[in-house]
Amino acid sequence: FSARTAVQEYPVLAELFPRIQVIVGDHADVLAAMAADSVDVVVFDPMFRKPPGRPTAMDPVRVFANPSPLSARAWAEAKRVARRCVVLKERPGSGEFERFGLVPDKPRGRFAFGAWCKA
């Protein structure tokens, strides 16, 4: 699925792609260098530490992924940097939602989302 295909199928994305900035680096360090309230939303979509037990399209990428759990430092920096909310994608039952005081949007399934929102 390429950017060109995405724009063809969803023309509204043509307006959004120029606003996306890719930053390469350790996520906690990148967040720490950012100003408070400088982005609307921070999304953590980590590589799951436990593979699903069947081959997936993500398997070739797994060797490049950091298998460490999300750090408390990264979470705190994300809350400082986000104007609106911080979103975590994880597996239900992983313990990560509870660790950050989140309620997953679904208790079962391959993955779920939890969000912390600023008041």
Side-chain angles (χ1 to χ4, degrees):
F1 195 74
S2 69
R4 180 178 293 161
T5 303
V7 169
Q8 288 170 346
E9 291 189 30
Y10 306 98
V12 69
L13 293 179
E15 298 171 24
L16 301 177
F17 277 135
R19 296 172 49 194
I20 296 172
Q21 179 184 9
V22 177
I23 301 170
V24 178
D26 177 87
H27 60 281
D29 293 339
V30 169
L31 288 165
M34 296 174 75
D37 298 320
S38 59
V39 300
D40 288 328
V41 178
V42 174
V43 178
F44 290 111
D45 185 357
M47 178 67 70
F48 301 127
R49 285 173 300 289
K50 294 181 183 176
R54 58 179 166 61
T56 71
M58 295 301 292
D59 288 345
V61 179
R62 188 171 291 284
V63 297
F64 300 106
N66 179 348
S68 302
L70 185 61
S71 71
R73 173 181 173 239
W75 185 257
E77 291 294 348
K79 289 170 59 176
R80 182 186 62 78
V81 167
R83 277 190 292 271
R84 295 182 179 201
C85 64
V86 180
V87 177
L88 174 64
K89 177 183 175 188
E90 245 310 340
R91 292 198 189 283
S94 68
E96 294 299 280
F97 294 114
E98 296 78 9
R99 190 161 68 95
F100 295 110
L102 305 174
V103 177
D105 65 336
K106 51 189 170 188
R108 292 185 180 82
R110 292 182 324 151
F111 63 87
F113 293 93
W116 170 88
C117 298
K118 283 193 175 175

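Below, all heavy atoms of this structure are taken into account, side chains as well, without hydrogens, waters or symmetry copies.
Counting heavy atoms from C-beta outward, L102 and W75 have side chains that approach closer than 4.5 Å. Side-chain contact between E90 and P104 is absent, with no heavy-atom pair separated by less than 4.5 Å.
In this structure, V81 is a member of the same hydrophobic cluster as I23, with clusters built from ILVMFWY side-chain heavy atoms closer than 4.5 Å. When hydrophobic clusters are built by joining Ile, Leu, Val, Met, Phe, Trp and Tyr residues whose side-chain heavy atoms come closer than 4.5 Å, directly or via intermediates, F113 is not grouped with V103.
A search for ring-ring contact (aromatic ring centres under 6.0 Å, His included) contacts involving F97 returns nothing, not counting sequence neighbours. Partners of K106 according to the side chain to side chain donor-acceptor pair (under 3.5 Å) rule, which considers only residues two or more places apart in sequence or in another chain, do not exist here. Considering only residues two or more places apart in sequence or on other chains, A82 meets the side chain to side chain contact (heavy atoms under 4.5 Å, CB included) condition with V42, V86. In terms of the side chain to side chain donor-acceptor pair (under 3.5 Å) criterion, D105 has no residue partners (sequence neighbours excluded).
The two residues E96 and R99 come nearest to each other via the heavy atoms OE1-NH2, 2.6 Å. Contact between C117 and C85 at its shortest, heavy atoms only, is SG-CB, 3.5 Å. Counting all heavy atoms, side chain and backbone alike, A28 lies closest to A74 at CB-CB, 4.0 Å.
For residues 64-77, every residue pair satisfying the salt bridge (Lys or Arg N to Asp or Glu O under 4.0 Å) rule, not counting sequence neighbours, is listed here: D29-R73, E77-R80.
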Test log, rule salt bridge (Lys or Arg N to Asp or Glu O under 4.0 Å), inputs D37 and R83: CA-CA 4 Å; D37 298 320; R83 277 190 292 271; over 6 Å; no
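Put simply, CG on L31 and CG on D26 are 9.0 Å apart, with the number rounded to the nearest 0.5 Å.
In R84, the CZ atom is not crowded: 12 or fewer heavy atoms of neighbouring residues, nucleotides or ligands sit closer than 6.0 Å.
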